[in-house]
Trainee: 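Please read through the structure below; I'll follow up with questions.
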Number of protein chains: 4
Amino acid sequence: MKKDLTAFKKDKEQAIFEAALKIIKQKGFHKARMSDIAKEAGISYGLVYHYFKNKEDLFDAIINRWWDGLFKLMANISGDNEYDVHKKLRRIIYYFLDTYQSNYELVNIFITEISRSTTNLTSNRLDRFKKFMSLTQAVMAEGQENDILRADFKARYLTYIFLGALETFVSAMVLVDQKIKGDAQKDRIADSILEVFLNGAKNQK
Amino acid sequence: MKKDLTAFKKDKEQAIFEAALKIIKQKGFHKARMSDIAKEAGISYGLVYHYFKNKEDLFDAIINRWWDGLFKLMANISGDNEYDVHKKLRRIIYYFLDTYQSNYELVNIFITEISRSTTNLTSNRLDRFKKFMSLTQAVMAEGQENDILRADFKARYLTYIFLGALETFVSAMVLVDQKIKGDAQKDRIADSILEVFLNGAKNQK
Amino acid sequence: MKKDLTAFKKDKEQAIFEAALKIIKQKGFHKARMSDIAKEAGISYGLVYHYFKNKEDLFDAIINRWWDGLFKLMANISGDNEYDVHKKLRRIIYYFLDTYQSNYELVNIFITEISRSTTNLTSNRLDRFKKFMSLTQAVMAEGQENDILRADFKARYLTYIFLGALETFVSAMVLVDQKIKGDAQKDRIADSILEVFLNGAKNQK
Amino acid sequence: MKKDLTAFKKDKEQAIFEAALKIIKQKGFHKARMSDIAKEAGISYGLVYHYFKNKEDLFDAIINRWWDGLFKLMANISGDNEYDVHKKLRRIIYYFLDTYQSNYELVNIFITEISRSTTNLTSNRLDRFKKFMSLTQAVMAEGQENDILRADFKARYLTYIFLGALETFVSAMVLVDQKIKGDAQKDRIADSILEVFLNGAKNQK
DNA sequence: TATGAATGAGGGTTCATTCAT
DNA sequence: AATGAATGAACCCTCATTCAT
């Protein structure tokens with residue numbers, strides 16, 4: 001069937017993609033060898049170059065997978081008439097945690113190779129990073145305008161703190177290869193981040 | 001005189017060290033060439049191997065510089081009879097910001113090459129990371145015991161959020177190569193991080 | 001109809017042939033990729049192997065095209081009862097110039113890839129080169145026997161000088177991608193070569 | 001001795017240079033492998049890159065050797081007050097023949113890889129080729145002005161014919177790997193080229 | 001100490017050729 | 001006849017490290 005043929009082609013590309021995810025996660029971008037990726041995908045050496053122009057291109061494909069999903073979410077959030085900042089921030093948190101559950105390697109690579117590694121940042125990659133920051137900042141600013149978030153700090157500072165908390169949570173899990181056990185734990189993590197971000201760590205009693 | 005010779009030796013070693021800082025900051029550990037570092041230090045590249053066993057060893061020396069300072073601080077904090085958690089957290093923040101001011105490259109490398117890049121983490125390096133986490137966690141736990149910090153979250157979670165906020169602040173500055181202009185700005189940044197961490201981002205009015 | 005199918009086959013083979021001419025002229029034999037040739041011919045690159053055994057084989061087909069025409073001419077000249085050496089040499093010159101006009105790439109490839117490049121010369125190819133040389137030499141010898149050409153030089157030397165002049169003329173045109181504008185210019189070029197070859201460059205006044 | 005040390009360094013570079021000459025002559029530029037050259041020079045692989053930036057650079061060094069010598073000669077000829085065109089042309093011929101004797105591979109490479117192979121011609125290389133052509137043309141024009149050479153042909157045409165004859169002579173020798181046996185033969189070859197170029201191949205009796 | 005020549009393993013990429021469909 | 005996915009040998013180049021001086 002035609003559909004199958006198409007599926008086969010996609011399958012192979014997908015196999016390479018996933019192999020790349022796995023190998024890059026293991027060894028990092030620089031130490032990941034194209035031959036490793038090919039072997040992991042169960043194909044020959046040169047075939048990788050049939051589907052991806054070169055190593056850089058393969059890396060970009062992975063990065064794009066992450067950003068595309070995230071920007072789709074941010075577009076959703078922006079277009080939302082809902083003024084509930086809590087919900088918006090919660091959705092951002094869930095994007096990280098959901099992806100962490102479904103595609104652990106992708107989050108790992110984002111954290112280790114993109115988020116912090118300035119050496120892998122081409123200007124194009126940096127741009128998307130800044131864009132995401134500014135979209136999040138817009139959510140913060142909106143919260144300040146609606147008197148939901150305190151306005152005595154710059155929205156930018158709030159953004160740093162929020163994303164920093166989120167990212168470090170995920171990073172720490174990445175660091176120890178911790179798995180999220182079920183949706184209950186995921187909810188608890190999201191609650192913690194949001195609660196502390198909103199109400200602070202100080203004992204309010 | 002012996003003393004002078006030693007000084008000379010130290011000078012040369014120091015020159016290599018600083019050159020390595022600069023180059024690794026620019027290119028990242030993997031792309032930093034020993035020859036780049038030697039050229040930057042104004043010596044032949046063979047000589048680098050006189051002072052450092054190999055590239056890995058040179059990298060470790062840099063990492064150690066960071067951790068040594070930080071653990072000295074943490075030891076100070078731990079040994080402190082003072083029960084003021086605020087002050088302790090503030091001192092941690094200042095270690096990051098001070099080092100950022102005095103030795104920008106060092107913080108940059110810590111952020112980009114150590115803090116997040118799991119691929120550079122030998123088990124030895126990972127251990128120190130975890131140790132720092134647990135020392136910070138001890139401060140949090142102490143705060144919870146003294147009813148200064150809320151106890152409805154794990155101390156580990158509070159640690160993540162605190163260090164995440166701090167780290168992302170510095171990361172963001174690293175990312176845009178931002179300089180801290182004077183102690184006033186440094187104070188403001190420290191205040192923001194601490195205030196939001198303790199009292200939350202929610203408008204309390 | 002069979003005839004049409006054959007024609008179609010020939011058409012496709014011819015298309016590949018011409019594409020190969022164009023690409024090899026542009027990039028040289030070594031850098032010409034089979035995929036380039038296929039793309040230029042408007043077919044898939046696997047199909048090239050249906051018509052030509054391999055790259056070498058395709059190259060040989062091109063070379064043969066050149067030599068076949070030239071040897072046919074030389075056979076004509078040899079079989080000619082006419083003793084006019086001038087005419088014979090003129091016909092050789094015209095073969096180069098005519099082919100240059102009608103099939104520029106072919107001459108280009110002959111000059112750049114066959115005539116001088118010893119590395120592309122298999123013994124088979126070298127043989128035909130030598131054969132052509134010796135056929136031309138026979139014309140020279142005949143001219144010497146008939147007292148038309150001077151006999152105080154070896155016929156071989158005369159051959160070198162004649163073919164050298166001819167070839168360099170064409171080479172120079174190839175080098176600057178010069179087109180021959182009309183038959184008048186072609187005649188003038190042929191006259192110049194022949195006149196200088198026969199009467200010398202010295203001012204005879 | 002210091003002199004020896006310098007000599008040693010030069011020796012190694014020279015060894016690579018000569019190995020490259022030999023290998024490129026054998027296989028042509030494209031098929032010559034850097035590893036072949038290193039092996040031929042009796043050194044390790046990477047050392048070639050210590051002395052030459054890359055393969056292209058090594059090739060250029062060879063080309064330069066040829067052109068430098070030739071342009072030095074042409075400068076000499078141009079600066080000459082002597083108006084004897086014969087002598088000037090003879091000196092050009094001797095440059096080719098002398099180099100052929102002393103450095104056979106160099107002439108071979110010039111003929112096969114530079115003179116005719118347009119695919120190896122970067123614009124820089126082409127420029128020098130044209131420059132040499134125009135310098136020779138100046139000699140021809142001078143001969144025409146002094147009524148030594150006939151003026152009913154363009155100086156450019158005379159240049160083509162002269163250089164063509166010369167080049168083809170050498171080419172033919174290259175092709176059959178013919179060695180020049182002694183100075184006597186060299187003189188005879190030079191005489192033949194010059195005599196036919198000046199007085200023509202026609203029997204004058 | 002100091003130099004930089006020398007080594008060679010390693011890895012990215014190309015591309016002719018084969019083959020299943 | 002036709003396609004283009006698949007293979008893998010080749011080959012250039014980099015660079016950490018060693019070593020003779």
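Values below: all heavy atoms of this structure, side chains included; hydrogens, waters and symmetry mates excluded. Residue numbering restarts at 1 for every chain, and letters A, B, ... go by the order of the sequence lines.
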Trainee: Counting only N and O atoms by type, is there a donor-acceptor contact under 3.5 Å from the side chain of B:Lys55 to the main-chain atoms of B:Phe29?
Mentor: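 The answer is yes, because a donor-acceptor pair under 3.5 Å joins these two groups.
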Trainee: If only atom types and distance count, is the side chain of C:Asn64 paired as donor or acceptor with the main-chain N or O of C:Asp60 below 3.5 Å?
Mentor: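 Looks like yes, one N/O pair under 3.5 Å.
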Trainee: Which is more 5' along DNA chain F, the nucleotide nearest A:Val48 or the one nearest B:Met34? Just name the residue.
Mentor: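 Here A:Val48 is the residue nearer the 5' end.
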Trainee: Output the rounded distance in Å from CZ (B:Phe52) to P (F:dT18).
Mentor: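 Computing the B:Phe52:CZ to F:dT18:P distance gives 16 Å.
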Trainee: Is there a Watson-Crick or G-U wobble partner for F:dA1 with both distances under 3.5 Å, and which nucleotide is it?
Mentor: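 Check on F:dA1: unpaired, no WC or wobble geometry under 3.5 Å.
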Trainee: Just the rounded figure in Å: distance from P of E:dG11 to CZ of A:Phe29.
Mentor: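 A:Phe29 atom CZ is separated from E:dG11 atom P by 14 Å.
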Trainee: Tell me whether the OP1 or OP2 atom of F:dA2 has a side-chain N or O from C:Tyr51 closer than 4.0 Å.
Mentor: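 For F:dA2, OP1/OP2 do have a side-chain N/O of C:Tyr51 under 4.0 Å.
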Trainee: Starting at CZ of C:Arg33 and ending at P of E:dT17, how long is that distance when rounded to a whole Å?
Mentor: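 After rounding, the reported distance stands at 15 Å.
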Trainee: Less than 4.5 Å apart, side chain to side chain, heavy atoms only: is that true for B:Val107 and B:Trp66?
Mentor: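 Of all side-chain heavy-atom pairs linking B:Trp66 with B:Val107, at least one is under 4.5 Å.
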Trainee: As a test of reading the structure: which of E:dG12, F:dC12, E:dT7 is closest to the side chain of D:Lys55, going by heavy atoms?
Mentor: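 From the listed options, F:dC12 comes nearest.
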Trainee: Give one of base, sugar-phosphate or nothing for B:Ala38, where a contact means two heavy atoms less than 4.0 Å apart.
Mentor: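 The answer is nothing, as B:Ala38 stays clear of every strand by at least 4.0 Å.
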Trainee: I need the CD1-C1' distance between C:Ile23 and E:dA16, as an integer number of Å.
Mentor: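 About 16 Å, once rounded to whole Å.
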Trainee: Rounding to a whole Å, what distance do you find between A:Leu47:CG and E:dT13:P?
Mentor: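 Computing the A:Leu47:CG to E:dT13:P distance gives 15 Å.
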Trainee: With no angle test and no hydrogens, is the base of E:dG12 tied to the side chain of A:Tyr45 by a donor-acceptor pair under 3.5 Å?
Mentor: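 It does, because a donor-acceptor pair links the side chain of A:Tyr45 to the base of E:dG12 below 3.5 Å.
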Trainee: Expressed as a whole number of Å, how far does the C1' atom of E:dT1 sit from that of F:dT21?
Mentor: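 Looking at atom C1' only, E:dT1 and F:dT21 are 13 Å apart.
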Trainee: Using whole Å, report how far NE2 of A:His30 lies from C1' of F:dA16.
Mentor: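 Rounded to the whole Å, the gap is 16 Å.
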Trainee: Just wondering, do C:Glu105 and C:Glu18 contact through their side chains at under 4.5 Å, heavy atoms?
Mentor: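 Sidechains of C:Glu105 and C:Glu18: no contact.
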Trainee: Pairing check on F:dT17: which nucleotide meets the Watson-Crick or G-U wobble criteria with it, both distances under 3.5 Å?
Mentor: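 Pairing partner: E:dA6.
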Trainee: Toward the 5' end of DNA chain F, which comes first, C:Gly46 or B:Asn54, by nearest nucleotide?
Mentor: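 By nearest-heavy-atom nucleotide position, the 5'-most residue is C:Gly46.
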Trainee: If you assign B:Ile43 and D:Ser44 each to the DNA chain E nucleotide with the nearest heavy atom, which residue ends up on the more 5' nucleotide?
Mentor: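 Whichever sits nearer the 5' end wins; that is B:Ile43.
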Trainee: Can you figure out which of F:dC12, E:dT13, E:dA16 approaches the side chain of D:Tyr49 most closely?
Mentor: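 Nearest to the side-chain atoms of D:Tyr49, counting from C-beta on, is F:dC12.
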Trainee: Kindly indicate whether the side chain of C:Ile63, heavy atoms from C-beta on, has any atom under 4.5 Å from the side chain of C:Arg128.
Mentor: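 Sidechains of C:Arg128 and C:Ile63: in contact.
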Trainee: I need the NE2-P distance between D:His50 and F:dT14, as an integer number of Å.
Mentor: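 Distance, rounded to whole Å: 14 Å.
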Trainee: Taking OP1 and OP2 of F:dA5, is either one under 4.0 Å from a side-chain nitrogen or oxygen of A:Lys12?
Mentor: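 The answer is no; no side-chain N or O of A:Lys12 sits under 4.0 Å from OP1 or OP2.
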Trainee: Rounded to the nearest Å, what distance is computed from the NZ atom of residue A:Lys31 to the C1' atom of nucleotide F:dA16?
Mentor: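 Value for this atom pair: 12 Å.
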